[in-house]
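In what follows, every chain begins at residue 1, and chains take the letters A, B, ... in the order their sequences are listed. No hydrogens, no waters, no symmetry mates; every other heavy atom, side chains included, goes into these values.
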There are 2 protein chains.
Amino acid sequence: MAKGKRATLSDVAKSSNVSKSTVSQYLNHRYEYMSAETKARIEAAIDELGYQPNILARSLKQKTTATIGVIVANLLHRFSTEVTRAIEDYCHHHDYHVIICNTDEDPSKEKKYVEMLIAKQVDGLIIVPTCNNMELYQRFVDDHYPVVFLDRKMEGLPLPTVVMDNIGSSYICTSHLIAHGHERIAIMTPPRHISSRAERIEGYEAALRDHGIPIRPEYIKSTRIDEAIPELARMLTLEDRPTALLAGNDLILMEVLSYMMENGIRFPEDIALVLIDDVNFTDFLPSPLTTFEHPVGRMGRKAAEMLLDQIKSGQTTASPDSQLVVFKGSLHVRKSCGGPLPEPLAFLQGEEENGTDPNERQANEGSL
Amino acid sequence: MAKGKRATLSDVAKSSNVSKSTVSQYLNHRYEYMSAETKARIEAAIDELGYQPNILARSLKQKTTATIGVIVANLLHRFSTEVTRAIEDYCHHHDYHVIICNTDEDPSKEKKYVEMLIAKQVDGLIIVPTCNNMELYQRFVDDHYPVVFLDRKMEGLPLPTVVMDNIGSSYICTSHLIAHGHERIAIMTPPRHISSRAERIEGYEAALRDHGIPIRPEYIKSTRIDEAIPELARMLTLEDRPTALLAGNDLILMEVLSYMMENGIRFPEDIALVLIDDVNFTDFLPSPLTTFEHPVGRMGRKAAEMLLDQIKSGQTTASPDSQLVVFKGSLHVRKSCGGPLPEPLAFLQGEEENGTDPNERQANEGSL
DNA sequence: GTGAAAGCGCTAACAC
DNA sequence: GTGTTAGCGCTTTCAC
C-alpha cells in the first residue's frame, strides 16, 4: 500500500508466474478449477507484495460500486445520526458502503452532492430532501434512478419514501394534553414548508377539532429556530396564554427550555410541555418530560432495505402508486402533565408499523 | 444520468463531431486553443445527452481521488459528529470529498475500514484510532501513507497527531474543585488503555499532588460504561465518600446523572460535579453544571489541514519528531461547586492554542 | 485547434 | 486449470 508504488494485479501475476485472469479468479474466490499450487503461489505473491486490489478499477469495469450515497439535512442532529447509523449497519451487513453528506437544508448543496455522488457512480441514494429541488428530483423519476426519500414526502413525485406518521404523532400528543384537561394548547415548529412539520400542525388541529376545541391561530407558530424565543415570549404574554405547549421537534424544545429556564418558568407547573420527538436528556430535566418516540433506527433500516432492493432488482418502482412507508411512534409519558389523569388513554397509544411489506401501509397515517 | 445508459464522453464526442480528447479538454476547462464554435457544440451535446463525467474513470487514470477517509469511534457521540463536521467543511472548501466510517472501538472493524478506504484509493486518512492495531498503524509509517491521528496518541508511532490537552484539562478541573474547598475528589473515566483517558487521570493526580492532597485509589475508577453505575454506588457508600466527582467524559456523566436522579442525590448539594467535556443539555439540568470545553471543531479542521498538506506536498513527515498538535480547552463555570470561592482562580484558565505552526507546540501539554 | 493512440487496474468471455 | 484478449470511461502525450 506504499504511496505511489502500490502493487497491481499485474505485478502479482508476474511475480507468481500466472496470468492476470488467474489472479483475478483468485481474488474473486473462484478457486474451483485452480490447482492448490497456483493458489498458494498467488497467495504468497500477494502478501509478499502487500497487494491490495484497486476497487476503482473493478467498479469501472463492473459498472457498480457497491456504494450508496446518503444525504441528510445536518449530521449534528439526532435524527440524522441515528438514521445514518442504521443505514450504515444495514449496508455494512450487506457489503455495501455508504457515503454521507450534509445539505444544511441548502438546496444548492443538495444538488451539488447529488451530482458528485452520481459522478462517483454510487448505486443509489437515500435523501432527506430539502424539498426545494424539484427538477433534480424529477430527474430521478425520469431516469429511473434508484433513490429513497426519507422523513419528508413530496406531492406528485412518484418516488419511494419512508416517513413517520407525523399527523398521528401530533394527534396523540395533543389528545394526551386534552385528556389531561388542557384546552389552551399551543404548538411550535420550524418553518412548515416541509411535510413533516406541516403534518404535525395538521395532527394537532385534527385533535382539537375532534374534541370540539377551537383552533386559535395565535397558538400556532412555525418559526425559524432563531425566532422561536421571541415568538414564545409573545405567546406567553397573551391574556389567555396557553396552559400547554407542544414542541414540534428537538431544536424547538431546546429553545423553549432555554427561555423557560432563563425566566423561571417551570413545567409542568406553569405550563405543560410535550415534545413530539425525543432527546437524550429527558431524564435529567428538573421535571421528566413527556415525549413521542419514533422508530428512527427502523426507518433508516427500512430505507436502506428498499434502496438495496431497487438496486438489486433493477426496479425503481417510479410509478404513480409508488411506495410510501409510514412508521408510527409512541407516546412516552414521563410525568403527568398537570391535569387529572395519570396516564394517557389506552386508545391513544401509537401502534408500531410491522414492517415487512411496504405497500400494505400506504397512507395509513390517516387512520386515526 | 439514466440508469444503465448514461452518456459517456465518447457519446458527447460523437454527437458534437469532435474527438474524445477535445471533449476532455473542455471538461477540464482548457478552452485556450478551442474555437468558440467547438466549445458551443460540445456544450450543447453535453446537456442534450445529460452527460455527467464518470469520476471513477478519471481517478483511475489520475491516480488520485480527491477524497479522504475519516474513521471515528462512533458517530452517535458528540465529539465524532462535531469533528467530522469540521473536517467535512474544511474539505468541502478545498474540493475534497470525505467518506466517514465508524469503528465502534472495534479493532477488526478499524482494520477492515482502513483496508476498504485504501482499496477505494482515498488520498489519505484521518483516524481516531482504537489503539489496538499496531501493525496496521506501523504500515502507515512504513509506507509513508498520508494519515493524521486524532484525539488519541500512541507512543513510538511517528505519525502526525492532533489531540487535546487532557492532562491540563483535568488538572484545571481538579484544581477548580480544590480551590472550592474539596479534598475528597473522585474521578471516573472509561477504560484507560486509551491515552486521552489515562491523561485525564494523570492530570487529576498531578493537581492533587501539587496541592498536597493524597491520592486515593478508591476514588479513581476507570470502568466500562455499563459498570459505571455499580462502581459509583460503591464509591458513594465509602465511609469517607468523595465530596466531589469528576466525570471523565459525556457518557460517564450520563451514567452518573442517571444514578443520581434515581437516588435523589443532588449536585452540588450532595456532591459537587464537574464534567471534563461538554454536552448540549448543561443549561437544562436542575443545577447548571460546570464543564470543560474543548475546541473540537478546530481540532477537526486542523487535522484536515494537516492531512491535505501531506497529500499535496507528498510529505508524510513520518519522522521521529513528527508533529503533535495539542489543543487546550477552557473551564466553563456554570455554578459554584459547593465551596467558598465563586470563580476559578485566574491562572487556572486554559489557554487557546494559537494554531499556525504545528511544530511549535509540540508536547506543550506538560507546561502547566 | 484538434485527433489518434496508449494506458490507468481490473474483469470476463472464450480459447486452449 | 490457465492464458489471451478486449474493454470499462477517462486523461494525456504527441502528431498533424
Would you indicate what Asp11(A) reaches in the nucleic acid, counting non-hydrogen atoms under 4.0 angstrom: base, sugar-phosphate, or nothing? nothing
Sugar-phosphate only, base, or nothing, as touched by Thr38(B) at under 4.0 Å among non-hydrogen atoms: sugar-phosphate
Evaluate the ring planes of Tyr31(A) and His29(A), with Trp represented by its six-membered ring, and classify them as parallel (under 30°), tilted (30 to 60°) or perpendicular (over 60°). perpendicular
When you measure from the side-chain N and O atoms of Ser19(B) to the phosphate of dT2(C), is any distance below 4.0 Å, counting only OP1 and OP2? no
Salt bridge or not for [X] and [Y], using N-O below 4.0 Å?
X         : Y         : value
Lys302(A) : Glu305(A) : yes
Lys112(B) : Asp106(B) : no
Glu115(B) : Arg139(B) : yes

Are there any protein N/O atoms within less than 3.5 Å of an N/O atom in nucleotides 8-11 of chain C, and if so, which ones and at what distance?
from	atom 1	to	atom 2	distance (Å)
dG9(C)	OP1	Lys63(B)	NZ	2.6
dG9(C)	N2	Ala57(A)	O	3.3
dC10(C)	OP1	Tyr51(A)	OH	2.5
dC10(C)	OP1	Asn54(A)	N	3.0
dC10(C)	OP2	Leu9(A)	N	2.3
dC10(C)	N4	Lys20(A)	NZ	2.5
dT11(C)	OP1	Arg58(A)	NE	2.9
dT11(C)	OP1	Arg58(A)	NH2	3.4
dT11(C)	OP2	Ser24(A)	OG	2.9
dT11(C)	O2	Lys61(A)	NZ	3.4

Is any side-chain heavy atom of Glu105(B) closer than 4.5 Å to a side-chain heavy atom of Ile194(B)? yes
Quick one: are Leu159(A) and Val141(A) in side-chain contact, heavy atoms under 4.5 Å? yes
Heavy-atom closest pair, residues Leu75(A) and Thr81(A):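 So the minimum-distance heavy-atom pair works out to O-CG2, 3.0 Å.
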The criterion is side chain to side chain donor-acceptor pair (under 3.5 Å); which residues satisfy it with Asn102(B), sequence neighbours excluded? Glu88(A)
Give the first and the last nucleotide of DNA chain D, reading 5' to 3', that has any atom under 4.0 Å from a heavy atom of chain B.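 Reading along DNA chain D, I get dG9(D) to dT12(D).
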